[in-house]
Amino acid sequence: MPIDQSKPAYFWSEQDRESIREACRTSWPQEVADVLKRADLACQQTFIFTHRWDMERCETPVSFLGKINWTYQLQGDFEWTVMLNRARYMAELGQAYWLTGDEKYAVGYIRLLRDWLAQNPLTEEEVHASRERHYNVKDTWRKLDSGIRIVNWIKGYYCVRTSAAWGDEEEELFQNAVWLHGMYLDIAYTPHDRQSNWGFLETNGLFQIGLLFPSFAESPAWLATAVDRLAAMARLQVFDDGLHNEQSPMYHHEVLQCLFEPVWLAQKNGLSYPAELRDALNRMYTASMALKKPNGHQPMASDSDDTDIRDILCQGAVLLERGDLKSQAYPELDYQGIWYFGREGVQKYRGLSLRQPTFCSIHLEQAGYVVMRSDWSPEAKYMLFDGGHMALTGKAHGHDDLLHIELSAYGREFLLDTGRYTYMENEERRYFKESFQHNTLTVDGLPMSVYRDSWVWGRTALPVSRYCKIAADYEYAQAGHDGYLHMEKPVQVLRQILFVKPDYWILVDTCRSDGVHEYAQHFHFAENVPLQTDEKTATVRTAFPEGGNLAIIQIGREKGSLHLQPCWISRHYNQKEKSSKLVYKQTGNGLCKFVTILYPYQGREESKLSIEELEVRDTRNNLLSPELVTGLAIRRNNQSEMAVFSHQGPESCQFAGAHMAGEVMLIRRQANGEEKAFVIKV
């Protein structure tokens, strides 16, 4: 693992200062303004956490006179404390200094550095004791926060060290602080960290200390240890399909960034590193691109915020020279990417040829996510289906969301996850995590899994009967779960989704039991979506006067009822807004089913839609009952589809003048007489 000693190790280079400033001010003036605003506040010892990748955002300013209370909790939320101690503002003070040349930012950095170090000493005994304490040796020295903090300090340091205010005394103070963080991060790492996002957040800090501060006697060992840990964690935590094993889009991107920075720094400084790090990073970027919604944001699943991820894709495009990532990112290299890659990176990004991704829809098989999309445009029809485990290792960020779906079309979000809102131990945390606030099914008013507290689940529902098939004319996915098999009268649940490309989805939810139960199907709408309800047809439509709309059409409406209810949507930590949810209910025994058409449309397209239940017979010409089979004939715009779902396994069926055998079947007919028949699932 040799380092090229012909050049000094560095983060960003003074020679790029002018080009970075020019590119940021030209391409990203709002980002510059936001950074300067937060840096100005930090100079006044006032803190807000509004960066797009702040894990626990807070827009409420908190000010300190004199010494800062580094253990302060805003409204009793410990997450505010950890955000204060993660110190992104230190990186932004450094950026503000380079962007403006104003010495107040360097002076502010030094003052905050001194205050933190004076109030938060760490003894060698405490460092060694940290191995026995997974979370903290003390509140300001949690391991993952220490890894994040030192990276932010280093980013700011590479800017403010060019200031006249930075002298030998400041350099010695900083070097000692870096060494202390290195010693702590080296010792405190545990087997639990190896399988957690914490491990990456800690090890990124240790890697940067070992690489960028070679004067420490321990640095070669720290660097080697960090590389070994990164490789082990990449093998353990990153699925073959590229998603991080906690299956949370936001924590996937936190881990991705903590793998990106070591690979970027290694390449920048001539350090050889294991090929598996770049391979894991490559797969993670592909998974990010796969999950990306048409508006460029990540899904709000499993403790994720509504964050635009196109900056992440920009940086991956440059590092890995991937035109497909650029095609889904910004036209210009993002603000932070300019700092990482400098003038050469800006030019490289501009010269990178756009390339459409090799896939459109995808099944992330290990994670259990299925993404169905019509195309890669911002207007695309998009559905996310969660058919995976809550999490394979640890369930702290998991939500009770098996079979959950999200839907966007025509540049609008229609159905979405409700978010997370808080990590505090209260009813709001429970509200956003349980089944009822996801677009899934519930039985008898009970959740699928047993919620114990903010970070711990009891019995958790496990997926069963997973299957996915992606083809040119259709896409199909299904999954069930065992969440209601523990009941006195157990219930088998199965969700089947057929995407009739590129236009609409058929959703068939079946519940089987030999007892009477009340079943509920939940749909949560984005905020401020106007709704119209047709009780007679059990149809709910969005009612935007222009652009795209969504019709949710319930077939067999005589068996149930629909209810519109208020709900909350939390797009970011500490934020929530009122919205509406639709609940379909029915009570029965034996096999009960919800058959739903999700039909996005523009203008008066939906008025041309005709849906009829289709007569289906067996090979002896006996009419099959609705308990055995669901058949639909859907006609629109001079074309029609006939879809059949057998509820008793593969069946030989006669319908619509055809004879086919299988479990899920589809016939597509055009006005010109062209016909295509598909056995989707045998």
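Along the sequence shown, residues carry numbers from 1. FYI, side chains are in, hydrogens and waters are out, and symmetry mates aren't considered; it's all heavy atoms of this structure.
- For the 3.5 Å distance criterion, the side chains of Arg420 and Ser304 fail to qualify, holding no donor opposite an acceptor.
- Side-chain contact check for Lys268 and Tyr340: no donor-acceptor pair (N or O, by modelled atom type) lies under 3.5 Å.
- Checking Arg310, Gln336, Gln257 one by one against Gln315, the side chain to side chain donor-acceptor pair (under 3.5 Å) holds for a single residue, Gln257.
- Atom CD1 of Ile362 sits about 11.0 Å away from atom CD of Glu475, to the nearest 0.5 Å.
- Between Tyr330 and Asp308, the side chains place a donor N or O and an acceptor N or O closer than 3.5 Å (distance only, hydrogens not considered).
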Could you walk me through whether Lys155 and Glu261 pass salt bridge (charged side-chain N to carboxylate O under 4.0 Å, His left out), step by step? CA-CA 11 Å; Lys155 288 175 178 174; Glu261 287 193 344; 2.8 Å; yes
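- The closest side-chain donor-acceptor pair between Arg283 and Thr286, if any, does not fall under 3.5 angstrom.
- Summarising the geometry of Ile48 relative to Leu41, their closest heavy-atom pair is CD1-CD1, 3.7 Å, with the distance given to 0.1 Å.
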Evaluate the side chain to side chain contact (heavy atoms under 4.5 Å, CB included) criterion for residues Thr203 and Leu185: first the C-alpha distance (whole Å), next the side-chain angles of each, then the deciding distance (0.1 Å), finally the verdict. CA-CA 7 Å; Thr203 304; Leu185 293 171; over 6 Å; no
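- You'll find the side chain of Lys293 reaches within 4.5 Å of the side chain of Glu406, heavy atoms only.
- Taking the ring centroids of Tyr157 and Phe174, they lie under the 6.0 Å cut-off.
- The closest side-chain donor-acceptor pair between Tyr105 and Asp40 falls under 3.5 angstrom.
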Applying side chain to side chain contact (heavy atoms under 4.5 Å, CB included) to Met383 and Val371, what does each step give before you reach the verdict? CA-CA 6 Å; Met383 178 179 282; Val371 178; over 6 Å; no
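- Ring geometry, Phe11 versus Trp264: the interplanar angle exceeds 60°, so the pair is classed perpendicular (tilted spans 30 to 60°).
- A salt bridge does not link Arg229 with Asp193: every distance from a Lys NZ or Arg NE/NH1/NH2 to an Asp or Glu carboxylate oxygen is 4.0 Å or more.
- Counting only distance, with no hydrogens or angles, the side chain of Lys326 and the backbone of Leu352 share a donor-acceptor pair below 3.5 Å.
- In the model, Arg322 has a side-chain atom that pairs as donor or acceptor with a side-chain atom of Asn282 under 3.5 Å.
- When atom types are taken as modelled, the side chain of Ser219 and the backbone of Phe213 share a donor-acceptor pair closer than 3.5 angstrom.
- A cation-pi arrangement is found for Arg373 relative to Trp376, the charged atom lying closer than 6.0 Å to the ring centre and inside a 45° cone about the ring normal.
- Side chains of Asp311 and Trp53: a donor on one and an acceptor on the other come within 3.5 Å.
- Tyr251 and His397 have their aromatic ring centers within a separation under 6.0 angstrom.
- Side-chain atoms of His297 and Lys292, non-hydrogen and from C-beta on, never get closer than 4.5 Å to each other.
- With values rounded to the nearest 0.5 angstrom, Ile20 atom CD1 is found 11.5 Å from Phe341 atom CZ.
- Side-chain atoms of Ser579 and His524 form no donor-acceptor pair, as typed in the model, at a separation below 3.5 Å.
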Could you check Lys381 against Tyr410 for side chain to side chain donor-acceptor pair (under 3.5 Å), going step by step and ending with a plain yes or no? CA-CA 7 Å; Lys381 299 183 183 75; Tyr410 301 114; 3.3 Å; yes
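- Relative orientation of the Tyr423 and Tyr573 rings is perpendicular, given thresholds of 30° and 60° on the angle between their planes.
- There is a side-chain donor-acceptor pair under 3.5 Å between Asp303 and His399.
- Note that Arg161 lies in the cation-pi zone of Tyr158, set by a 6.0 Å cut-off to the ring centre and a 45° limit from the axis.
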Evaluate the side chain to side chain donor-acceptor pair (under 3.5 Å) criterion for residues Trp339 and Asp16: first the C-alpha distance (whole Å), next the side-chain angles of each, then the deciding distance (0.1 Å), finally the verdict. CA-CA 9 Å; Trp339 286 86; Asp16 265 342; over 6 Å; no
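- For Asn269 (side chain) and Leu211 (main-chain N/O), no donor-acceptor pair under 3.5 Å exists by modelled atom type.
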Chi angles and distances behind the side chain to side chain donor-acceptor pair (under 3.5 Å) call for Ser163, Glu103: CA-CA 7 Å; Ser163 165; Glu103 291 292 330; 2.5 Å; yes
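- In this structure, Arg52 CZ and Tyr335 OH are separated by 12.0 Å, a value rounded to the nearest 0.5 Å.
- Using a 3.5 Å distance cut-off with no hydrogens or angles, the side chains of Thr307 and Asp305 do not pair a donor with an acceptor.
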Run the numbers on Ile148 and Met55 for side chain to side chain contact (heavy atoms under 4.5 Å, CB included), then give the verdict. CA-CA 11 Å; Ile148 297 170; Met55 281 188 269; 3.6 Å; yes
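- Under 4.0 Å is where a charged nitrogen must lie from a carboxylate oxygen, and between Glu56 and Arg86 at least one such pair does.
- The main-chain N or O of Lys576 is never found under 3.5 Å from a side-chain atom of Ser570 such that the two would form a donor-acceptor pair.
- Ring geometry for Trp80 against Phe64 counts as tilted: the plane angle lies between 30° and 60°, on a 0 to 90° scale.
- One finds no salt bridge joining Glu31 and Arg25 here, because no Lys/Arg side-chain nitrogen approaches an Asp/Glu carboxylate oxygen to under 4.0 Å.
- Classification of the His404-His438 ring pair by plane angle, with boundaries at 30° and 60°, yields perpendicular.
- Residues Asp77 and Asn574 are in side-chain contact: their nearest non-hydrogen atoms beyond the backbone lie under 4.5 Å apart.
- With contacts defined as side-chain heavy-atom distances shorter than 4.5 Å, the pair Val160/Leu93 does not qualify.
- Classification of the Trp141-His181 ring pair by plane angle, with boundaries at 30° and 60°, yields tilted.
- Side-chain contact check for Gln267 and Arg278: at least one donor-acceptor pair (N or O, by modelled atom type) lies under 3.5 Å.
- Side-chain N/O atoms of Glu246 and Ser302 include no donor and acceptor closer than 3.5 Å.
- Under the 4.0 Å criterion applied to side-chain N and carboxylate O atoms, Glu413 and Arg571 are assigned as salt-bridge partners.
- Side chain to side chain, Trp166 and Glu171 meet the donor-acceptor criterion of an N or O pair below 3.5 Å.
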Hey, mind stepping through Tyr369 and His363 against side chain to side chain contact (heavy atoms under 4.5 Å, CB included) and telling me if it holds? CA-CA 6 Å; Tyr369 284 119; His363 180 201; over 6 Å; no
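- Here Glu18 contributes atom CD and Glu22 contributes atom CD; the two are 9.0 Å apart, rounded to the nearest 0.5 Å.
- Ring orientation note: the planes of Phe260 and Tyr285 are nearly perpendicular, at an angle over 60° on the 30°/60° scale.
- Rounding to the nearest 0.5 Å places CG of Leu223 at 11.0 Å from CD1 of Ile209.
- The shortest side-chain heavy-atom distance between Trp116 and Trp70 falls under the 4.5 Å cut-off.
- Using a 4.5 Å cut-off on side-chain heavy atoms (C-beta onward), His253 and Ser288 make contact.
- Side chains of Tyr349 and Pro331 form no contact here, defined as non-hydrogen atoms less than 4.5 Å apart.
- A salt bridge links Glu332 with Arg350: the closest approach of a Lys/Arg side-chain nitrogen to an acidic carboxylate oxygen falls below 4.0 angstrom.
- Residues Gly398 and Met390 share a closest heavy-atom pair of CA-CG, 3.5 Å.
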